[in-house]
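What follows is a set of notes on a single structure, which appears directly below.
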Amino acid sequence: MGNLPRLEVGSKGRALLARLVFALLAAAWLAAPAPAADLRVVLEAEGGVRSDGNYAQIEQDPELEGEDEENLARAGFNLRLSYELPRLTLALGYFPSYEWILDNADVNGTTHRLDLGLTANLTRRLELRVRERLLSSPNIDLYSPFLATEPLAVPQRGDQLTHSLDVALDQDLTRRVVLLLGAAHTLRTFESEDLSDTETLSARIGAAFQPMEDRRFEVFATAGNYDFGSRSRPVGEETEREADVRTLNLAWHQPFFRDGRFRVEGGMFAVDSTRTLLVPAPDDGPPTEVTEDFEQTGWRGGLELSRQLELLGWNVGVRHDVSAGVGLGRATEVDSAFAGISTNIGRRLVLGLDGNFSRHQDLEDEDPVVILDRPGDRAIETAAGTARVSWSFSTIARLTGGYSRVWQESQVAPFEDLSYSRYFLGLALQLYRSGEEPEDPARQGETEDDDEPDAQ
């Protein structure tokens, strides 16, 4: 794949957000009159305030260091859209916003959140599924589509961009056997030079067997590359690293009661890492680059259980896996757990509670060519919980609010030990609506899928 150059978050964000423009233009083109078409659109204007406790760890602005609270104002739009044809379904959520710190008007930033899902029956036997998610933000966003079920880590404030694209093809070979093909690409860039930009690219192949219509057994293998780019580092530290990752997986999923879903999977992973280090010369000459390789194997697995009723939805899950990390510049083992519940009280009041825990741990080096002094433990442990409420007090207005708590312990300098609270309050006004409630990209084609937090 080659080395990943250092990219500015803003330029890469503009390039990726160009895909959003294309998606919106495509949606507008698809919205032309067509038989049996179903277009649903909701556009809201939203404004609010937020207090982030002692999250004022902003080294770029010394005036804010030591402050007990960081108070922010926020204004933006919420666009939710879905478009359904007999053989194609598109669902999109886009939430741009601008926020500024009330204690210092010079500190501000723009957040973009995008969640796009597309399902198309290309032929009677071939189905295409596309899922794209993007988050560009100057700080941690607990309401991004990435953080509902993904591992979490809280870096210092600074622009960061996270992008994920997954494409899958399901080809029915027989009534009971399906060929599975897919590819995935992810990108994470950071403003802070203490964090490593990361790009991953992977492909997968497998097969699914359906002994019954609503039960499915899968076996699939993946092969991919993690590219952590190259950096200018002091002598004795890494300047470059990449990893080739392979996995073998088995999975089973079936309904859970009438309105739920159960999925369990397990398998093995193998990681071949290559890193380049600057090593001091023994004769006080210029440092030389030394490359060392190591391999690591382990197990991976996960369990998810969810149920979506008319007035109540919940989901829980745990996972152990290999990951490209959160800016560490190396592959890690990650343990994560998540849980969420949401309930509707009448037609106007929605209450929700969400929790997320993750722990990143370095893979152990085996037989390195060069051994230098390194910290023995680079774990990051993070937990976050949120209680939220949404009250639709009229047909075009709703009030949102809630409370979050974040804990983090880390032995990696860019990730501080944290313990802070977040309070938020917002007002959303509906500007335009067409049709019924748009479909959620995360639950596209699966009415029993996980319920995700409301956009805040």
Side-chain angles (χ1 to χ4, degrees), residues 50-59 70 111 113 133 135-162 164 186 188-192 194-198 200 226 228 300 302-304 315-340 352-363 375-388 402-424 450 452-453 456:
R50 191 177 80 226
S51 176
D52 277 354
N54 64 350
Y55 181 52
Q57 47 171 338
I58 307 176
E59 294 182 351
E70 182 176 290
T111 295
R113 289 186 286 128
R133 299 179 296 172
L135 168 65
S136 175
S137 175
N139 59 26
I140 189 68
D141 188 341
L142 296 176
Y143 312 104
S144 75
F146 287 91
L147 299 182
T149 60
E150 298 292 328
L152 172 70
V154 184
Q156 295 176 351
R157 183 181 172 92
D159 288 343
Q160 52 189 293
L161 180 145
T162 305
S164 172
T186 67
R188 297 197 70 162
T189 64
F190 303 89
E191 181 181 18
S192 172
D194 294 327
L195 296 168
S196 295
D197 295 346
T198 305
T200 75
Y226 297 167
F228 302 101
R300 63 183 304 273
L303 172 68
E304 292 185 37
N315 68 319
V316 295
V318 295
R319 177 167 292 276
H320 176 83
D321 209 342
V322 61
S323 167
V326 286
L328 294 176
R330 54 178 52 81
T332 64
E333 283 186 294
V334 59
D335 297 292
S336 61
F338 60 88
L353 187 65
D354 307 287
N356 184 307
F357 167 82
S358 65
R359 177 177 58 201
H360 292 264
Q361 181 70 40
D362 263 355
L363 294 167
D377 185 3
R378 293 180 177 270
I380 303 172
E381 293 187 356
T382 305
T386 298
R388 52 192 168 83
Y403 168 80
S404 298
R405 183 72 180 178
V406 177
W407 301 268
Q408 180 166 284
E409 293 186 359
S410 172
Q411 298 189 24
V412 185
F415 296 90
E416 306 289 346
D417 291 341
L418 289 175
S419 179
Y420 73 93
S421 299
R422 166 177 290 182
Y423 303 87
F424 55 91
D450 301 344
E452 301 220 359
Q456 300 290 346

Shortest non-hydrogen contact from [X] toward [Y]:
X      : Y      : value
Tyr226 : Ala331 : CD1-CB, 4.0 Å
Phe415 : Val154 : CD2-O, 3.6 Å
Leu195 : Phe190 : CD1-CD2, 3.5 Å
Ser137 : Thr111 : OG-OG1, 3.4 Å
Ser421 : Tyr403 : OG-OH, 3.1 Å

Validation row: [X], [Y] side chains within 4.5 angstrom (heavy atoms):
X      : Y      : answer
Phe228 : Leu328 : no
Arg330 : Leu363 : no
Ser136 : Asp159 : no
Val326 : Arg188 : yes
Arg405 : Ser419 : yes

Who pairs with [X] by side chain to side chain donor-acceptor pair (under 3.5 Å), at least two apart in sequence or on another chain?
X      : value
Thr332 : His360
Arg300 : Asn249, Glu265, Asp321
Thr382 : Gln408

### Query
How far apart are the C-alpha atoms of Arg388 and Asp354, what are their side-chain angles, what is the distance that settles it, and do they pass the side chain to side chain contact (heavy atoms under 4.5 Å, CB included) test?
CA-CA 8 Å; Arg388 52 192 168 83; Asp354 307 287; 2.6 Å; yes
### Task
Give a yes or no on whether Glu381 atom CD has more than 12 heavy-atom contacts from other residues, nucleotides or ligands under 6.0 Å away.
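For Glu381, atom CD is crowded (more than 12 foreign heavy atoms under 6.0 Å).
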Roughly how far, to the nearest 0.5 Å, is the [atom2] atom of [Y] from the [atom1] atom of [X]?
X      : Y      : atom1 : atom2 : result
Thr189 : Gln160 : OG1   : CD    : 8.5 Å
Ser404 : Tyr423 : OG    : OH    : 10.5 Å
Gln411 : Asp417 : CD    : CG    : 8.5 Å
Asp197 : Leu161 : CG    : CG    : 9.5 Å
Ser164 : Leu135 : OG    : CG    : 11.5 Å

### Verdict with reasoning, Ser358 to Ser336, per side chain to side chain donor-acceptor pair (under 3.5 Å)
CA-CA 4 Å; Ser358 65; Ser336 61; over 6 Å; no
